[in-house]
2 protein chains.
Amino acid sequence: MSNDLDTVFAALADPTRRTILAMLLEDDMAVTDVAEPFEMSLAAISKHLVILTRAGLISQEKRGRVKWCKLEPDALRAASVWMQGFGQFEPVNLDAFERFLEVELPTDES
Amino acid sequence: MSNDLDTVFAALADPTRRTILAMLLEDDMAVTDVAEPFEMSLAAISKHLVILTRAGLISQEKRGRVKWCKLEPDALRAASVWMQGFGQFEPVNLDAFERFLEVELPTDES
DNA sequence: GGTTTGGTCAACCATTTGGTTGAATATGCG
DNA sequence: CGCATATTCAACCAAATGGTTGACCAAACC
């Protein structure tokens with residue numbers, strides 16, 4: 001569960017990958033087209049896309065010999081909700097949020 | 001470009017550090033007390049705190065021989081703003097949040 | 001003053017990350 | 001068929017990450 005957030009945040013921690021997400025915001029794209037504006041190899045971009053896919057941030061569907069990349073905002077939604085617990089905490093929500101975080105806080109008293 | 005987001009997201013990508021943030025949500029804590037529930041060395045926790053500090057997510061102030069850690073939600077807000085650049089699921093996010101509150105927070109006025 | 005307490009530093013280690021190149025695998029085209 | 005295109009795979013590399021231990025410094029206490 002919090003492993004989910006691990007991979008999502010780790011995926012977001014790279015500027016190349018964030019740029020890719022922003023590109024996919026406009027429209028679905030083929031892998032080659034995603035790679036075009038970057039000054040790195042196609043293989044490197046392919047790896048980035050794997051990381052984004054494993055984080056659930058995008059999906060890839062192969063049609064013919066072209067693999068299309070599509071933004072999948074669900075994973076981002078989870079991370080966004082997590083952050084709002086800290087960013088704008090209202091006192092009412094605190095308790096519920098802490099339970100929602102599923103922080104496996106090794107509480108000694110339990 | 002946004003090296004800021006790099007460090008913030010990278011800091012959030014580790015479950016130990018997210019747990020620390022959740023602990024600091026309750027109250028400011030000394031380094032030793034932060035480390036207590038974890039099964040790793042104090043030095044390891046100290047490193048995590050440095051990473052959180054450099055990301056701007058917490059601040060540390062030394063009073064006497066005790067160093068106090070304090071949550072600094074501003075950096076998280078920046079990351080949250082970045083996510084809202086993907087504005088299309090911003091409302092969905094809020095929806096999910098409200099649904100979560102309804103489900104997770106039965107004690108509010110019952 | 002000597003010793004405990006709080007915390008960091010330094011050196012080290014294993015694993016992961018982000019990149020490269022070159023070969024391999026499909027798929028489409030003439 | 002034969003060739004070009006789209007993408008991944010495999011091996012490799014340098015640097016970063018997350019952890020350890022032991023020495024170290026600074027503040028507090030008897």
Side-chain angles (χ1 to χ4, degrees), chain A residues 2-24 27-70 103-106, chain B residues 1-24 27-71:
Chain A
S2 111
N3 205 337
D4 230 14
L5 287 176
D6 282 18
T7 52
V8 171
F9 282 129
L12 292 177
D14 186 278
T16 300
R17 290 193 289 264
R18 287 200 306 276
T19 302
I20 291 175
L21 289 179
M23 291 164 61
L24 291 178
D27 206 351
D28 299 357
M29 294 179 78
V31 171
T32 304
D33 294 334
V34 169
E36 195 268 335
F38 296 96
E39 288 184 345
M40 69 182 72
S41 68
L42 185 61
I45 296 293
S46 182
K47 282 187 182 180
H48 281 303
L49 292 172
V50 168
I51 290 171
L52 287 170
T53 301
R54 280 207 282 249
L57 290 165
I58 69 170
S59 61
Q60 291 180 287
E61 183 202 356
K62 192 168 182 180
R63 282 201 300 270
R65 64 180 166 179
V66 175
K67 207 170 190 178
W68 293 90
C69 306
K70 178 175 177 299
V103 285
E104 54 284 83
L105 210 165
Chain B
M1 177 192 262
S2 41
N3 205 339
D4 239 14
L5 287 177
D6 282 18
T7 52
V8 170
F9 282 130
L12 292 177
D14 185 279
T16 299
R17 290 192 288 263
R18 286 199 307 277
T19 301
I20 291 175
L21 290 179
M23 291 164 61
L24 292 178
D27 206 351
D28 300 357
M29 294 179 77
V31 172
T32 304
D33 294 334
V34 169
E36 195 269 334
F38 295 97
E39 287 182 347
M40 69 182 71
S41 69
L42 183 61
I45 296 294
S46 183
K47 282 187 182 179
H48 281 304
L49 292 173
V50 167
I51 291 172
L52 287 170
T53 300
R54 280 209 280 251
L57 290 165
I58 69 170
S59 60
Q60 292 181 284
E61 182 201 357
K62 192 169 182 180
R63 282 201 299 271
R65 65 179 166 183
V66 174
K67 206 170 190 179
W68 292 90
C69 305
K70 178 176 178 302
L71 192 65

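In the text below, chain A, chain B and the rest are named by the order of the sequence lines, each starting its count at 1. Reckoned from all heavy atoms, side chains included, excluding hydrogens, waters and symmetry mates.
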Are the side chain of [X] and the backbone N or O of [Y] linked by a donor-acceptor pair below 3.5 Å?
X	Y	answer
S46(B)	L42(B)	no
R18(A)	L12(A)	yes
R17(B)	A10(B)	yes

Just the rounded figure in Å: distance from [atom2] of [N] to [atom1] of [X].
X	N	atom1	atom2	result
E39(B)	dG18(D)	CD	P	19 Å
F38(A)	dG18(C)	CZ	C1'	14 Å
E36(A)	dA6(D)	CD	P	12 Å
D6(B)	dT17(D)	CG	P	10 Å
F9(A)	dG18(D)	CZ	P	15 Å
W68(A)	dT27(C)	CH2	C1'	15 Å
M40(A)	dT20(C)	CE	P	6 Å
D14(B)	dT15(C)	CG	P	17 Å

What pair of heavy atoms forms the shortest contact from A35(A) to I45(A), and how long is it? CB-CG1, 3.7 Å
Value for NZ (K67(A)) from CE (M29(A)), rounded to nearest 0.5 Å, stands at 16.0 Å
Spacing of L57(B) atom CG and K70(B) atom NZ [to the nearest 0.5 Å]: 12.5 Å
Name the closest nucleotide to the K47(B) side chain, picking from dG18(C), dG19(D), dG19(C).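 Looking only at side-chain atoms, K47(B) lies closest to dG19(D).
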Contact class for A10(A) (heavy atom, under 4.0 Å): base, sugar-phosphate, or nothing?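 The answer is nothing, as A10(A) stays clear of every strand by at least 4.0 Å.
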When we call it a touch if two heavy atoms are under 4.0 Å apart, what does R63(B) touch: a base, just sugar-phosphate, or nothing?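 No contact at all - R63(B) keeps every heavy atom at 4.0 Å or more from the nucleic acid.
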Would you tell me if any nitrogen or oxygen in the side chain of [X] comes within less than 4.0 Å of OP1 or OP2 on [N]?
X	N	result
H48(B)	dG19(D)	yes
S46(A)	dT8(D)	yes
S41(B)	dG19(D)	no

Residues in salt bridge (Lys or Arg N to Asp or Glu O under 4.0 Å) contact with E39(B), at least two apart in sequence or another chain: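 Listed in chain order: nothing, the list is empty.
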Might you list the N or O atoms of the protein lying below 3.5 Å from N or O atoms in nucleotides 2-6 of chain C, with each pair's distance?
from   : atom 1 : to     : atom 2 : distance (Å)
dT5(C) : O2     : R65(B) : NH1    : 2.8
dG6(C) : O3'    : R65(B) : O      : 3.3

